Structure formats: structure tokens, C-alpha cells
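For reference, the structure discussed in these notes is given below.
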There are 2 protein chains.
Amino acid sequence: MPPNLDSSRAASSQSLGAYLKSARSALGLSLRAVEERTGKAVTNGYLSQIESGTVTQPSPNMLYHLAQVYDLDYGDLLLRAGHRIPHSDDTAQRGILAGFPMNALEELTESERRELLEYIAFLRSRRASSSR
Amino acid sequence: MPPNLDSSRAASSQSLGAYLKSARSALGLSLRAVEERTGKAVTNGYLSQIESGTVTQPSPNMLYHLAQVYDLDYGDLLLRAGHRIPHSDDTAQRGILAGFPMNALEELTESERRELLEYIAFLRSRRASSSR
DNA sequence: GCGCAATGCTTGCTCGACTAAGCAGACTCG
DNA sequence: CGAGTCTGCTTAGTCGAGCAAGCATTGCGC
């Protein structure tokens with residue numbers, strides 16, 4: 001559960017780093033553990049910069065990954081980073097979860113899920129080494 | 001109301017510039033007129049870059065100003081620019097299905113996704129053969 | 001014709017997000 | 001005592017957003 005759901009008028013920009021740091025230590029995760037769980041989307045060095053305030057306004061995408069790992073409210077993080085968030089009404093957001101048969105995942109056990117994540121990480125790392 | 005509310009299956013990255021350009025010409029505004037109405041937040045040169053596709057991912061703040069001037073849906077612009085938007089109703093939760101961070105799936109390519117499905121099939125078959 | 005303002009557009013530059021690679025220190029195990 | 005690993009952290013460098021200032025063209029009134 002996100003400790004803070006207030007959202008309208010968040011605690012401005014200053015606290016983002018500290019907020020994320022406390023969230024991480026609350027989960028007892030190392031910088032590299034977080035990097036791992038974001039699928040390398042957020043590197044440990046960069047996370048260190050965010051927490052120390054060297055980087056003050058991470059991109060929405062970065063914040064999204066962190067929100068997932070820490071189980072925090074994404075919109076709240078956006079606000080803390082100084083981004084505007086859309087006025088809530090409906091909003092579509094349809095095609096984002098690229099057509100993937102999600103029910104295929106539901107039956108998996110914990111350990112299987114973990115294996116799967118490792119496999120995804122493998123896919124990602126394989127691609128990372130080839131392109132770019 | 002935004003002239004275009006279709007949005008399910010957002011055409012993502014490529015169309016943002018053209019979309020904004022048509023929105024502007026629909027209002028009969030010049031680049032500098034828009035710059036003026038955003039309070040200089042979006043300069044005419046930069047807007048030209050966005051419309052031509054030279055800049056592909058303007059920051060949320062820029063998009064917000066444009067949404068204001070053109071009277072477009074801010075969240076929709078965010079999506080078209082490739083930003084994630086918060087699931088407003090409640091919490092991130094949505095991103096995790098059965099304890100599985102779906103965000104891990106989103107960046108995969110078609111072929112990778114297919115590989116992944118095969119791997120899931122393998123997990124399932126392995127379990128089936130053991131017992132249960 | 002000559003200005004002159006307004007149009008869209010380009011271009012050199014700054015600045016900050018972000019990466020990749022490394023660092024020193026703390027800890028464990030042989 | 002190493003050798004290895006894990007921790008947080010730093011730093012040189014790349015990349016792209018965003019700006020200031022200019023460009024060429026069009027169209028107006030004189």
C-alpha cells in the first residue's frame with residue numbers, strides 16, 4: 001500500500017530522493033537488487049543519483065519502474081518528481097499491455113514465475129548486447 | 001472535447017507531430033501564436049521540431065501546455081508521446097498480475113514474446129509430467 | 001519597385017537525464 | 001593473510017530535450 005495517496009499537491013520536488021530511498025530500505029533491497037527487478041531499466045548507479053538528489057527529475061518511465069518494484073503509487077511519484085499528471089476522469093490507456101495472453105501467467109507457481117522472470121531478463125540482456 | 005477520442009490502440013510515437021500539427025492548423029494558429037499562448041513555455045522553433053518529428057518525446061510539461069492551448073486531452077498526448085500515464089482509479093496494482101510484474105513484458109518484441117510463450121508452455125508441461 | 005512584418009524552419013548550443021565502468025570499503029570463507 | 005563478493009557511490013561520456021537566434025520565403029501597404 002502506498003503510504004501516501006493524498007496526491008493533490010504533493011510534497012514538491014525536494015523529497016523524491018529521500019522518499020525513494022526510504023522505500024527501498026523499507027523493503028531491504030540493495031541498489032543492485034532494484035536494478036535487477038526493474039529488468040535493468042534502472043541501473044544501480046543511476047538510482048543512487050536519484051536518491052542523492054543528483055538527478056531531480058527522472059523520466060516518467062523510470063518512475064514507473066520504481067513504482068512497480070516498490071509498490072508505490074505511480075502518479076504520486078510523478079508529482080513528487082515535478083511532473084504534471086492528467087486530470088483523472090477516464091483516460092484510455094489501452095494498447096500498452098501489448099497483446100499478451102495474460103491468463104497464461106495466472107496459473108504459474110511462485111518459483112515458476114521467478115524462472116520466467118529470469119528468462120525475460122535473459123531475453124532482454126541478449127537484445128542489449130546485440131543492438132545499440 | 002478533443003477532436004479525436006479514439007485513442008484505444010494509440011498510434012504511439014510516430015503520429016504525435018502530425019497530430020499536433022493538424023490540431024494547430026485546425027485552430028488557425030501560427031507557431032509563434034502558440035508560443036505566445038503558452039506563455040513562452042513552448043517556443044516556436046521547438047514546436048516546429050515536434051511537428052516535424054525531430055523531437056519525438058517532449059516532456060509532460062510541454063505537452064500539458066500544448067493540451068491547454070489546443071484544448072486536447074493531456075493524458076492522450078502523454079500516451080502519444082510514449083509516456084506512461086498513471087492508472088488513476090487506484091494504485092499501481094494494475095501492473096502486477098498474480099504477483100507478476102507485467103511491465104516486464106511490455107518492452108519485448110514480437111518474436112521474444114513468442115519465445116516467452118513457448119517457455120511458459122514448457123513450464124506447464126514440466127509440471128504436468130511430474131504429478132498433480 | 002522597396003521595406004517590413006509574419007510565416008515556417010534550421011542550426012549551434014546548453015543542460016540535464018541516463019549509461020557504463022569503475023572505485024573504495026565491509027563482509028565472508030578458505 | 002588473501003580472494004571473492006556485495007555494498008553504496010562516483011565519474012566520464014553519450015544522447016536528446018529545449019532554447020536563442022538566425023535563415024528564406026511569402027504577402028502586405030507604400
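Only heavy atoms go into these numbers, but all of them, side chains included; no hydrogens, no water, no symmetry mates. Chain identifiers are assigned alphabetically (A, B, ...) following the order of the sequence lines, protein sequences preceding nucleic acid strands; residue numbering begins at 1 within each chain. The structure presented is a predicted model; accordingly, all values stated were derived computationally and were not measured.
- B:Pro86 has its side chain within reach of A:Pro86: a pair of non-hydrogen atoms, C-beta onward, lies under 4.5 Å apart.
- Contact record, A:Pro60 with B:His83: CG-ND1, 3.8 Å, taken as the closest heavy-atom pair.
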(request) Any chance you could list the contact pattern along nucleotides 5-10 of chain D? Use B for base contacts, S for sugar-phosphate-only contacts and - for none, protein heavy atoms under 4.0 Å, 5' to 3'. (result) --BBBB

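- Contacts of A:Tyr70 classified as side chain to side chain donor-acceptor pair (under 3.5 Å), with partners at least two apart in sequence or in another chain: none.
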(message) Go through it in stages, so that I can follow the logic: the residues are A:Leu63 and A:Leu78, the test is side-chain contact (heavy atoms from CB on, under 4.5 Å), and I'd like the CA-CA distance, side-chain angles, deciding distance and then a yes or no.
(response) CA-CA 7 Å; A:Leu63 295 173; A:Leu78 284 176; 4.0 Å; yes

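- Contact check, B:Ser59 against D:dA17: no side-chain N or O comes under 4.0 Å of OP1 or OP2.
- Under the side chain to side chain donor-acceptor pair (under 3.5 Å) criterion, A:Ser25 pairs with no residue, sequence neighbours left out.
- Taking atom NE2 on B:His65 and atom C1' on D:dC19, their separation rounds to 15 Å, with Å as the unit.
- Counting to the nearest Å, the P atom of C:dA17 and the CE atom of A:Met62 are 12 Å from each other.
- Rounded to whole Å, the distance from CG on A:Leu66 to P on C:dC18 is 10 Å.
- Distance B:Glu35 CD to C:dA6 C1': 13 Å, rounded to the nearest Å.
- B:Val42 places none of its side-chain heavy atoms less than 4.5 Å from the side chain of B:Pro58.
- For B:Arg24, the salt bridge (charged side-chain N to carboxylate O under 4.0 Å, His left out) partners at least two apart in sequence or on another chain are B:Glu51.
- Using a 4.5 Å heavy-atom cutoff, the side chains of B:Leu20 and B:Leu77 are in contact.
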Can you give each donor-acceptor pair under 3.5 Å made by side-chain atoms of residues 28-35 of chain B, sequence neighbours left out, with the distance rounded to 0.1 Å?
from    : atom 1 : to      : atom 2 : distance (Å)
B:Ser30 : OG     : B:Ala33 : N      : 3.0
B:Glu35 : OE1    : B:Asn44 : N      : 2.6
B:Glu35 : OE1    : B:Asn44 : ND2    : 2.8

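- One finds no side-chain N or O of B:Thr56 lying less than 4.0 angstrom from the OP1 or OP2 phosphate oxygen of D:dG16.
- What separates CG of A:Leu47 from P of D:dT11 is a distance of 18 Å, to the nearest Å.
- Atom pair A:Asn61:CG and C:dC18:P shows a separation of 9 Å (rounding to whole Å applied).
- Distance B:Ile50 CD1 to C:dG8 C1': 15 Å, rounded to the nearest Å.
- In this structure, CD of B:Gln57 is placed 15 Å from P of C:dA17, rounded to the nearest angstrom.
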Polar-atom pairs under 3.5 Å, protein N or O versus N or O of nucleotides 24-29 of chain C: list them with distances, or write none.
none

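- Side-chain nitrogen and oxygen atoms of B:Thr43 include none within less than 4.0 Å of the OP1 or OP2 phosphate oxygen of D:dG18.
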